[in-house]
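In what follows, a structure is listed as structure tokens, so that the remarks can point back to it.
Every heavy atom of this structure was used, including side-chain atoms; hydrogens, water molecules and symmetry mates were not. Indexing begins at 1, ligand by ligand and atom by atom, following the structure's order.
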Amino acid sequence: MKYSRILGTGSYLPKKIVTNEELTKTVDTTDEWIVSRTGIRARHVASEEETSSYMGYHAGLRALEAAKLSAKDIDMIIVATTTPDKGLPNTACLLQERLGITGIPAFDMTVACAGFVYALSVADQYIRTGMLKTILVVGVDVLTAVTNWEDRSTCVLFGDGAGAVILQAADKPGILSTHLHADGRQKDSLYIPTWLPGQRKENELPYISMDGRAVFRFAVKALEQVMEEALAANQMPQSAIDWLIPHQANLRIITALAEKLKLPLDKVVVTVDRHANTSAASVPLALDEAIRDGRIQRGQTLLLDAIGGGFVWGAAVIIY
Ligand code: COA
């Protein structure tokens, strides 16, 4: 039996940091409101140069370095992003070109904030079946580029960044299981209108639109269910989880889930306070941070979860 194992991780955060205090100068909000409702204190905001392929490239390089591999060892590139550099070519092709390699398949997956967990699942299938040996999986987004900075109900929530993992075939786990779901009936709760100029409705702005309360309610329920499903599939009690690496959208959602799972908060990796919601990058950014600072150790059991506009959501159980 083949498994895919995380060989190395990497991440990239834009240089510019915008604090809550700075946002109070442009929209009618307060640091106290943002922190008490979301746990967010600051976010990184990409410059024009820091596109998805740029950030994904730097995260990917760091993951390769951690895995002690070079770009020519990669058999496939999957980039989870909702904010590609261009309509085409896809971001994975642009990243491949930056890495100086050719020939291997490279494609994007548009699965909003759940993109990384979805991409991890796809990569896992290629490795388990023995088709490929080494895959670069990147989660990256520049949601601040599609954020209306005059809308206080959304502009306080999002940030930019990239996270990457190198998955490689191994005889021992590895990824134990992944669990993916979607419900397109919820398409109006969280969306970005088309950015195809010819199809845009008159007066429609190309910005994120969200029913915050509906998202909150759905997220807690869906993530609780998928995490229970993931534990049951592996016949694992909650106590077997060493680290929960949740999607970093809102500290209140994270806390509610930890409580439901009876996981103490010191077993939960939290970055939302400094990164805000970085969409497809949020889980791999948190994973990389906790691996690099030594919290996550080899052999430990990780539970990942993510949810995004669609709705789309999923979980993964991994022995690191
Ligand atoms: N500063 C101050 N007031 C704000 C504000 C801000 N940045 N944003 C919204 N408000 C106001 C609203 O206008 C509303 O005012 P009103 O009562 O006069 O109409 C009030 O605050 C309360 O809004 P409400 O929507 O009830 O707040 P909330 O407690 O539900 O928190 C969110 C709002 C967005 C933080 C919360 O719903 C949330 O986090 N939802 C999930 C979002 C998410 O995770 N999205 C991504 C998923 S991938």
statement: Numbered in order shown, the ligand 1 atoms found under 4.0 Å of a heavy atom of Asn250 are 38 (C), 39 (O)
Closest to atom 40 (N) of ligand 1 among Gly310, Gly212, Cys113, Ala112 (heavy-atom distance): Gly212
- prompt: Of all the non-hydrogen atoms in the protein, which one sits nearest to atom 32 (C) of ligand 1, and at what distance?
  reply: Trp33 CH2, 4.6 Å
message: Which of the numbered atoms in ligand 1 are under 4.0 angstrom from any heavy atom belonging to Thr38?
response: 35 (C)
Residues which pass side chain to side chain contact (heavy atoms under 4.5 Å, CB included) with Ser36, listed by chain and number, not counting sequence neighbours: Glu32
query: Under 4.0 Å between a Lys/Arg side-chain N and an Asp/Glu carboxylate O for Lys15 and Glu49?
result: no
message: With a heavy-atom distance limit of 4.0 Å, tell me whether Asn277 approaches ligand 1 through its side chain, its backbone, both, or neither.
response: side chain
Atom CZ of Arg41 with >12 non-hydrogen neighbours under 6.0 angstrom: no
Numbering as shown, the atoms of ligand 1 that approach Val156 to under 4.0 Å (heavy-atom distance): 7 (N)
- prompt: Which atoms from ligand 1 have a heavy atom of Ile307 less than 4.0 Å away?
  reply: 48 (S)
- line: closest protein heavy atom to atom 43 (C) of ligand 1 is Val215 CG1, 3.8 Å
field: ligand 1 N/O within reach of Thr30 N/O, cut-off under 3.5 Å
entry: no
field: Tyr320-Trp243 aromatic ring centre distance below 6.0 Å
entry: no
query: Between the candidates Met210, Arg37, Arg152, which shows the shortest non-hydrogen contact distance to atom 42 (C) of ligand 1?
result: Met210
message: Under a 4.0 angstrom heavy-atom cut-off, which atoms of ligand 1 come close to Ala249?
response: 44 (O)
- prompt: Are Val146 and Val215 co-members of a hydrophobic cluster defined by side-chain heavy atoms under 4.5 Å apart?
  reply: yes
field: Side chain, backbone, both or neither: Thr29 near ligand 1, heavy atoms under 4.0 Å
entry: both
- prompt: What is the closest protein heavy atom to atom 30 (O) of ligand 1, and at what distance does it sit?
  reply: Arg213 CG, 3.5 Å
message: Between Thr134 and Gln168, do the side chains contain a donor N or O and an acceptor N or O under 3.5 Å apart?
response: yes
- prompt: Do Glu50 and Lys16 sit within salt-bridge range, that is, some charged N less than 4.0 Å from a carboxylate O?
  reply: no
message: Show every side chain to side chain donor-acceptor pair (under 3.5 Å) that has at least one partner inside residues 143-167, sequence neighbours left out.
response: Thr144-Asp160, Asp151-Ser153, Asp151-Thr154
